[in-house]
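To start, the structure itself, in structure tokens.
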Amino acid sequence: MNPSIEFIRQSFRTLRTNEKMRHRDIAKQLGISEGELVASFLGMNATPSVAGEMQAIQLHPKWAEIMNSIESLGEVMALTRNVSCVHEKVGTYKNASQQGPVGVLVGEIDLRIFYHAWAYGFAVREMTKDGLQRSLQLFDKAGVAIHKIHLRSQSNTTKFDELLHQFQSDDQTSGIQITTLDKPATELPDQDIDVTAWQQAWRTMKDTHDFFDLLRQFKVTRTQGLRLADPEFVQALPVTCVKDLLEIAAGTSTPIMVFVGNPGMLQIHSGPIQKVVSIGAWINVMDPRFNLHLQMDSVAQAWLVRKPTDDGIVTSVELFNDSGEAIAMFFGERKPGNPELSAWRNLVEELLARSTAIEA
């Protein structure tokens, strides 16, 4: 039996104020989705004035139009996460466009947006010890967070209010009805895959984006495709390699790209990183405009992957959980048309040397 709206609200106030718990953890403790937690605060008419109070406003599902409007807010913090990794990036939402069904932002805030997975959007005002916090929060049909946009002290709050006026839904009834996400396709047995053709198709790739078409063509999952690839292009790494990768990148000021996503969003950081901190099971990048929080004990597979392109080999380090879901991917910073950075290749060689030492 689901908890009542009033019980959710009261529990939120207590756990948020006394225990300093995050929204996601409060929802988990209550046995509901994070989307249901936020939606329980729909219909609260007054702007919160006491710590622990929250107001949510449901938005029309005009997702592309909403994303086109975010630039007016000025500098904000973009947050995308999956179960094992959180990617936070400060910047302005510029150059929003559409490429077929995929939304694209290119700039300091660098996103690939898969609107088909979006189901609910809320504007949220919450009073905290640091004052009134404003955000836009997007969820899938199961109430799982896809993307959040947090306003900062210098953000344009007048434009935030105008955005709410423009996109506010007529229905502000408390609560939402969630549904179960579709199960991923069952992985075919390896013997049903034409491995020779798969390896040949890999060898003749012209662009890293060709890889997604090949996965569909050969009906392989991503981790299965890596496992069946020619060892010339793919090598397994120790799951602890991400700590070395980040520390080497920070120590050498090598510009990297960090991809973190979920079914509705892919968020990308490009550039050097500086401060790498381990806290318990988490490895963190704690830079002024980019934070990464990665739960190392959830990494079940790590792969060094080389893909042929017209610009030469492009190398990545890719992390997956025990269900074969992507956690994070790392590349050297690169623009299409340019070869891979020699500094990134040097980093990869150092990573391989350390990995070999561990195995020995």
- Task: Take Val239 and Met296 through the side-chain contact (heavy atoms from CB on, under 4.5 Å) test and state the conclusion after the steps.
- Result: CA-CA 8 Å; Val239 295; Met296 291 186 291; over 6 Å; no
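- Here the CD-OG1 distance, from Gln200 to Thr196, works out to 9.5 Å after rounding to the nearest 0.5 Å.
- Using a 3.5 Å distance cut-off with no hydrogens or angles, the side chains of Asp171 and Thr173 do pair a donor with an acceptor.
- In this structure, the side chains of Gln199 and Glu232 stay at 4.5 Å or more apart for every pair of heavy atoms.
- At a cut-off of 3.5 Å, with distance as the only test, no side-chain donor of Ser4 or Glu6 sits close to an acceptor on the other residue.
- Between Phe160 atom CZ and Leu73 atom CG the span is 7.5 Å, to the nearest 0.5 Å.
- Counting only heavy atoms from C-beta outward, the side chains of Glu162 and Ser69 never approach each other to under 4.5 Å.
- Scanning all heavy atoms of the two residues, the minimum distance from Glu71 to Asn95 falls at OE1-N, 4.4 Å.
- Side-chain contact between Arg112 and Val104: present, with at least one pair of heavy atoms (C-beta onward) separated by less than 4.5 Å.
- Counting only heavy atoms from C-beta outward, the side chains of Glu88 and His150 never approach each other to under 4.5 Å.
- Here the closest heavy-atom approach between residue Ile178 and residue Glu36 is recorded as CD1-OE1, 3.4 Å.
- Of all non-hydrogen atoms in Thr221 and Glu187, the two that sit nearest each other are OG1-OE1, 2.6 Å.
- Residues Trp202 and Val305 are in side-chain contact: their nearest non-hydrogen atoms beyond the backbone lie under 4.5 Å apart.
- A distance of 13.5 Å separates CE of Met54 from CE of Met127, quoted to the nearest 0.5 Å.
- Met257 CE to Arg334 CZ: the interatomic distance, rounded to the nearest 0.5 Å, is 8.5 Å.
- Ile283 approaches Lys243 most closely through the heavy-atom pair CD1-CG, 3.9 Å.
- Rounding to the nearest 0.5 angstrom, the gap separating the CG atom in Leu163 from the OG1 atom in Thr157 is 12.5 Å.
- A distance of 6.0 Å or more separates the ring centres of Tyr115 and Trp63.
- Under the 4.5 Å side-chain criterion, counting only non-hydrogen atoms from C-beta, Phe122 is in contact with Leu42.
- Of the candidates Leu304, Val242, Asp244, Val317 forms a side-chain contact (heavy atoms from CB on, under 4.5 Å) with just one, namely Leu304.
- A tilted orientation is assigned to the rings of Trp198 and Phe211, their planes being inclined by 30° to 60°.
- Atom CG of Leu292 sits about 11.0 Å away from atom NZ of Lys89, to the nearest 0.5 Å.
- Tracing side-chain contacts under 4.5 Å through hydrophobic residues (I, L, V, M, F, W, Y), one reaches Val76 starting from Ile113; they form part of the same cluster.
- Thr204 places a side-chain N or O within 3.5 Å of a backbone atom of Ala201 that can act as its donor or acceptor partner.
- Both Phe259 and Leu215 are assigned to one and the same hydrophobic cluster, defined by single-linkage of ILVMFWY side chains at heavy-atom distances under 4.5 Å.
- Annotation: side chain of Gln217 is in contact with side chain of Leu214 (closest heavy-atom distance under 4.5 Å).
- Applying the salt bridge (charged side-chain N to carboxylate O under 4.0 Å, His left out) test to residues at least two apart or on different chains, the pairs with a partner in residues 135-144 are Lys141-Asp182.
- Glu126 and Lys148 are not joined by a salt bridge, as no carboxylate oxygen comes within less than 4.0 angstrom of a charged side-chain nitrogen.
- Inspection of the Ser155 and Arg134 side chains reveals no N or O donor paired with an N or O acceptor under 3.5 Å.
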- Query: Between Leu151 and Arg125, does a side-chain contact (heavy atoms from CB on, under 4.5 Å) hold up when you go through it step by step?
  - Reply: CA-CA 10 Å; Leu151 274 66; Arg125 296 185 179 99; over 6 Å; no
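- Of the possible polar contacts, none joining the Arg81 side chain to the Gly261 backbone as a donor-acceptor pair under 3.5 Å is found.
- At a threshold of 4.0 Å, the pair Arg289-Glu75 counts as salt-bridged, since one of the basic side-chain nitrogens sits closer than that to a carboxylate oxygen.
- Ile313 and Val234 fall within the same hydrophobic cluster, defined by Ile, Leu, Val, Met, Phe, Trp and Tyr side-chain heavy atoms under 4.5 Å apart, directly or through other members.
- Side-chain rings of Phe41 and Phe12 approach one another, their centers coming within less than 6.0 Å.
- Remark: the backbone N or O of Gln274 is paired with a side-chain donor or acceptor of Asp287 at under 3.5 angstrom.
- In this structure, the side chain of Asn284 does not engage the main chain of Met286 through any donor-acceptor pair within 3.5 Å.
- Residue Lys20 places its NZ atom among more than 12 non-hydrogen atoms of other residues, nucleotides or ligands, all under 6.0 Å distant.
- Residues Leu266 and Thr80 have side chains not in contact (no heavy-atom distance under 4.5 Å, counting atoms from C-beta outward).
- When each of Glu340, Arg306, Glu349 is tested with Thr315 by the rule side chain to side chain donor-acceptor pair (under 3.5 Å), just one qualifies, namely Glu340.
- The backbone N or O of Asp130 lies less than 3.5 Å from a partner atom in the side chain of Thr128, making a donor-acceptor pair.
- No donor-acceptor pair under 3.5 Å is formed between the side chain of Ser11 and the backbone N or O of Ile8.
- When all heavy atoms are compared, the tightest approach of Leu294 to Phe330 is CD1-CZ, 4.4 Å.
- A donor-acceptor pair under 3.5 Å is absent between the side-chain atoms of Arg152 and the main chain of Met77, judged by distance alone.
- Between the side chain of Asp213 and the backbone N or O of Asp210, no donor-acceptor pair lies under 3.5 Å.
- Few gaps surround NE2 on His60; more than 12 heavy atoms of other groups in view lie less than 6.0 Å from it.
- Ile176 and Trp118 are not part of a single hydrophobic cluster, where members link through side-chain heavy atoms under 4.5 Å apart.
- A salt bridge is absent between Asp25 and Lys28: the closest approach of a Lys/Arg side-chain nitrogen to an acidic carboxylate oxygen does not fall below 4.0 angstrom.
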- Please assess Glu325 against Ser323 for the test side chain to side chain donor-acceptor pair (under 3.5 Å), listing each intermediate value before the final yes or no. CA-CA 6 Å; Glu325 298 167 331; Ser323 298; 4.7 Å; no
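- Salt bridge annotation for Arg354-Glu350: present, with a cationic side-chain nitrogen under 4.0 angstrom from a carboxylate oxygen.
- Other residues, nucleotides and ligands contribute over 12 non-hydrogen atoms within 6.0 Å of the CD atom of Gln154.
- Checked against side-chain contact (heavy atoms from CB on, under 4.5 Å), Ala78 has the following partners two or more places apart in sequence or in another chain: Tyr93, Ile109, His147, Gln267.
- Leu351 and Trp303 are not part of a single hydrophobic cluster, where members link through side-chain heavy atoms under 4.5 Å apart.
- Pairing each heavy atom of Ala302 with each of Pro238, the nearest pair is CB-O, 3.8 Å.
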